[in-house]
Enquirer: 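A single structure is presented below for examination.
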Amino acid sequence: DVFAVTNPTSSGTWTVTAGFPVDLAWYGGRSNSDKWYIADRLRGNNLIKPNASSAQFGVSFTIDFDLMTQLSLTGVSGDYSGQIAYCFKRAPGFFDVVRAQFPGSGAAIPHNLEVVPELIITKAIDGTPVWATGSPYLPNTNGWNQYLELNTNARSQSTSTTWNQTAPTATHFTLGTYPGSSYEGIFYLFATLDGISKVGSYSGTGNNINVDCGFTGGARFVVIKRTDTIGDWYVYDTSRGITSGHDPYLMFNNSDTEVTNTSYIGPLNAGFQ
């Protein structure tokens with residue numbers, strides 16, 4: 001009802017069939033000739049790249065979010081049939097999108113998630129500051145005083161400016177001086193919703209680990225980022241395979257070719273292994 005993994009079809013009109021009205025589409029190619037792009041309803045005919053710090057940019061084609069079951073890009077050139085697309089619908093307790101001006105000093109920004117966000121991903125859409133990602137599962141010792149960079153493989157870093165060292169609430173999240181009041185930002189907020197989504201952490205042991213997400217039919221979309229040292233943003237999905245065999249992965253922070261000869265993840269009804 002709120003998330004879909006799909007392979008686009010392309011013949012002049014690039015169509016992603018999600019089964020619901022799409023609020024966020026996060027899509028990219030499986031070869032290094034393609035890049036990651038993010039489109040969302042609040043920004044309309046603009047794209048932004050999760051693997052770069054560049055500002056958003058307009059496109060010559062039309063991105064249509066006002067369809068009941070799919071997202072359509074009309075006037076696209078080239079064959080996009082080899083891409084993968086992750087589609088999200090805004091829903092209380094699961095996911096919300098906010099577009100707001102960065103305050104340049106401590107300020108609370110309202111949201112409609114209706115629960116406390118457990119993952120916030122933000123980018124200045126009109127400038128080149130890095131992507132900032134916050135979560136209570138980072139080693140925060142004073143509110144939210146850590147962040148990750150979505151567009152790099154850097155470890156968790158200390159900050160007093162990004163989240164103003166203030167944990168979010170069910171109605172607001174707080175921003176500090178980063179990156180300055182001259183920028184406008186887009187914010188993607190996620191939370192754990194029973195049976196639908198899980199934000200969490202685990203400690204590696206060198207052996208197999210069963211990661212219990214509270215699911216019954218396994219995880220369809222998994223993003224893993226190491227926080228205590230450098231590590232890429234690994235992306236898995238059931239469209240490309242979360243099986244007992246090889247499990248292809250992509251990385252959000254770069255445009256490398258899909259890796260297909262590893263088996264770092266496995267299926268588990270409660271989540272993933």
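Note that the numbering runs from 1 along the sequence shown for the chain.
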Enquirer: Does some side-chain heavy atom of C87 sit less than 4.5 Å from a side-chain heavy atom of Y27?
Expert: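 With C-beta onward as the side chain, the pair stays apart.
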Enquirer: Do D247 and S263 pair up side chain to side chain, a donor and an acceptor below 3.5 Å, judged on atom types alone?
Expert: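 Indeed, the side chains of D247 and S263 share at least one donor-acceptor pair under 3.5 Å.
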Enquirer: If you define the side chain from C-beta out and look only at heavy atoms, does anything of S181 sit under 4.5 Å from F102?
Expert: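 Result no, sub-4.5 Å side-chain heavy-atom pair not found.
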Enquirer: If we ignore hydrogens and angles and just use 3.5 Å, is the side chain of S135 paired with the main-chain N or O of E118 as donor and acceptor?
Expert: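 The answer is yes, because a donor-acceptor pair under 3.5 Å joins these two groups.
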Enquirer: Atom CH2 in W233, atom CE in M251: separation rounded to 0.5 Å?
Expert: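 With rounding to 0.5 Å, CH2 (W233) is 14.0 Å from CE (M251).
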Enquirer: Once rounded to the nearest 0.5 Å, what's the spacing between atom OG of S53 and atom CH2 of W131?
Expert: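 Separation between the atoms: 11.0 Å.
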Enquirer: Could you walk me through whether T171 and E114 pass side-chain contact (heavy atoms from CB on, under 4.5 Å), step by step?
Expert: CA-CA 6 Å; T171 59; E114 298 184 10; over 6 Å; no
Enquirer: List the steps, then state whether side-chain contact (heavy atoms from CB on, under 4.5 Å) holds for R220 with F3.
Expert: CA-CA 9 Å; R220 291 191 293 150; F3 172 75; 3.7 Å; yes
Enquirer: Checking the side chain of T192 only, and the main-chain atoms of V199 only, is there a donor and an acceptor separated by less than 3.5 Å?
Expert: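 Yes; judged by distance alone, with no hydrogens or angles, the pair exists.
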Enquirer: Nearest heavy-atom pair of W163 and G134: which atoms, and what distance?
Expert: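 Closest heavy-atom pair between W163 and G134: CZ2-N, 3.3 Å.
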Enquirer: Out of L113, I121, T122, which residue meets the side chain to side chain contact (heavy atoms under 4.5 Å, CB included) rule with L189?
Expert: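 Among L113, I121, T122, the one that satisfies the side chain to side chain contact (heavy atoms under 4.5 Å, CB included) with L189 is L113.
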Enquirer: Hey, would you say the F221 and Y236 ring centroids sit under 6.0 Å apart?
Expert: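 So the answer is no for these two rings.
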Enquirer: Please answer whether the main-chain N or O of R155 pairs with a side-chain N or O of D228 as donor and acceptor at a distance below 3.5 Å.
Expert: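 Answer holds: no.
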Enquirer: Can L119 be reached from Y86 by stepping across I, L, V, M, F, W or Y side chains whose heavy atoms are under 4.5 Å apart?
Expert: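 Looking at the clustering, L119 is in the same group as Y86.
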Enquirer: Say you draw a straight line from CD1 of I63 to CG of N45; how long is it, rounded to the nearest 0.5 Å?
Expert: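 Rounded to the nearest 0.5 Å, the CD1-CG separation comes to 5.0 Å.
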Enquirer: Is P117 close to H111 at the side-chain level, that is, under 4.5 Å between some pair of heavy atoms?
Expert: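 Yes; the side chains approach each other to less than 4.5 Å.
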Enquirer: L148 and L138: side-chain contact (heavy atoms from CB on, under 4.5 Å), yes or no, with the steps?
Expert: CA-CA 9 Å; L148 293 166; L138 299 179; 3.7 Å; yes
Enquirer: If only atom types and distance count, is the side chain of R43 paired as donor or acceptor with the main-chain N or O of I38 below 3.5 Å?
Expert: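 Answer holds: yes.
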Enquirer: Quick one: does any side-chain atom of S197 pair with a main-chain N or O of A191 as donor and acceptor, under 3.5 Å?
Expert: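 Side chain of S197 to backbone of A191, a donor-acceptor pair under 3.5 Å: yes, one is there.
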Enquirer: Is there a chain of hydrophobic side chains (I, L, V, M, F, W, Y, each step under 4.5 Å between heavy atoms) that links W36 to V130?
Expert: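 Different clusters.
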Enquirer: CG/N254 to CG/N151 distance, rounded to the nearest 0.5 angstrom?
Expert: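 Nearest 0.5 Å value for the CG-CG distance: 11.0 Å.
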Enquirer: Measure across G44 and F65 and return the closest heavy-atom pair with its distance rounded to 0.1 Å.
Expert: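 Where G44 meets F65 most closely, the heavy atoms are O-CE1, 4.1 Å.
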Enquirer: Are D232 and N253 linked by a side-chain donor-acceptor pair shorter than 3.5 Å?
Expert: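 Side-chain D/A pair, D232 to N253: present.
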Enquirer: Any side-chain heavy atom of T257 within less than 4.5 Å of one from V259?
Expert: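 Sidechains of V259 and T257: no contact.
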Enquirer: Distance check, rounded to the nearest 0.5 Å: I48 atom CD1 versus K123 atom NZ?
Expert: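 Going from CD1 on I48 over to NZ on K123, the span is 5.0 Å.
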Enquirer: Counting only heavy atoms from other residues, nucleotides and ligands, does the tally under 6.0 Å from OH of Y202 exceed 12?
Expert: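 Atom OH in Y202 is not packed in, count stays at 12 or less.
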Enquirer: Any chance the rings of F95 and F190 have centres within less than 6.0 Å?
Expert: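 Yes, the ring of F95 comes within the 6.0 Å limit of the ring of F190, centre to centre.
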Enquirer: Do L268 and V223 share a hydrophobic cluster (ILVMFWY, side-chain heavy atoms under 4.5 Å, transitive)?
Expert: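 As far as the 4.5 Å side-chain criterion goes, V223 and L268 are not connected within one cluster.
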Enquirer: Is the distance between the ring centroids of W26 and F252 less than 6.0 Å?
Expert: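 Distance test on ring centres: under 6.0 Å, yes.
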Enquirer: According to the salt bridge (charged side-chain N to carboxylate O under 4.0 Å, His left out) rule, which pairs have a member within residues 47-73, sequence neighbours left out?
Expert: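 Pairs touching residues 47-73 that pass the test: R41-D66.
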Enquirer: State, yes or no, whether a side-chain contact exists between I109 and L175 at a heavy-atom distance under 4.5 Å.
Expert: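 Contact flag for I109/L175 side chains = yes.
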Enquirer: Verify, without hydrogens or angle tests, whether D40 (side chain) and L42 (backbone) share a donor-acceptor contact under 3.5 angstrom.
Expert: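 Checked: pair present.
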Enquirer: Linking I/L/V/M/F/W/Y whenever any side-chain heavy atoms sit under 4.5 Å apart, do V115 and F94 land together?
Expert: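 Different hydrophobic clusters.
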Enquirer: Is it true that V22 and V59 fall in one hydrophobic cluster, defined by side-chain heavy atoms closer than 4.5 Å?
Expert: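 Same cluster: V22 reaches V59 through Ile, Leu, Val, Met, Phe, Trp or Tyr contacts under 4.5 Å.
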Enquirer: To check you understand the geometry: which heavy-atom pair defines the closest contact between S158 and Y147, and what is its length?
Expert: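 Between these two residues, the closest heavy atoms are O-CE2, 4.0 Å.
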Enquirer: Quick one, V97 and I186 - any side-chain contact, counting heavy atoms below 4.5 Å?
Expert: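 Touching, per the 4.5 Å side-chain cut-off.
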Enquirer: Are the side chain of H172 and the backbone N or O of A107 linked by a donor-acceptor pair below 3.5 Å?
Expert: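 The answer is no, because no donor-acceptor pair under 3.5 Å joins these two groups.
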Enquirer: Of the non-hydrogen atoms in T238 and A219, which two are nearest, and what is the gap between them?
Expert: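 Closest pair (atom of T238, atom of A219, distance): CG2-O, 3.5 Å.
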Enquirer: Out of curiosity, I265 CD1 to H246 NE2, how far, rounded to the nearest 0.5 Å?
Expert: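 Rounded to the nearest 0.5 Å, the CD1-NE2 separation comes to 14.5 Å.
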Enquirer: Backbone N or O of N164 within a donor-acceptor pair of the T166 side chain at under 3.5 Å?
Expert: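 Yes: the side chain of T166 pairs with the backbone of N164.
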Enquirer: Are side-chain N/O atoms of Y249 and E258 paired as donor and acceptor at under 3.5 Å?
Expert: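 Short answer, no.
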Enquirer: Hey, can you tell me if F173 and F187 have their rings parallel, tilted or perpendicular (30° and 60° cut-offs)?
Expert: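 Correct class here is tilted.
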Enquirer: Could you walk me through whether D96 and R90 pass salt bridge (charged side-chain N to carboxylate O under 4.0 Å, His left out), step by step?
Expert: CA-CA 5 Å; D96 191 27; R90 297 163 79 177; 3.0 Å; yes
Enquirer: Would you please classify the geometry between the Y37 ring and the F57 ring as parallel, tilted or perpendicular, with 30° and 60° separating the classes?
Expert: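 Correct class here is perpendicular.
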Enquirer: Decide yes or no for N210 and D212: does some side-chain heavy atom of the first lie under 4.5 Å from some side-chain heavy atom of the second?
Expert: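 No, their side chains stay 4.5 Å or more apart.
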Enquirer: Measure from the side-chain N and O atoms of R240 to the backbone N and O of P248, and report whether any donor-acceptor pair falls under 3.5 Å.
Expert: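 At least one qualifying donor-acceptor pair exists.
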Enquirer: side-chain contact (heavy atoms from CB on, under 4.5 Å) between T216 and N269: does it pass, once the steps are laid out?
Expert: CA-CA 5 Å; T216 57; N269 286 341; 5.9 Å; no
Enquirer: Is it true that the side chains of S156 and Q146 contain a donor and an acceptor less than 3.5 Å apart?
Expert: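 The answer is yes; a qualifying pair exists.
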Enquirer: Heavy atoms only: give me the nearest A4-F20 pair and the separation to one decimal.
Expert: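 Between these two residues, the closest heavy atoms are N-CZ, 3.8 Å.
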Enquirer: Quick one: are Y188 and L24 in side-chain contact, heavy atoms under 4.5 Å?
Expert: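 They are in contact (side-chain heavy atoms under 4.5 Å apart), so the answer is yes.
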Enquirer: Provide the closest heavy-atom pair for I209 versus G204 in the form atom of the first, atom of the second, distance.
Expert: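 Nearest heavy atoms, I209 then G204: CD1-CA, 3.8 Å.
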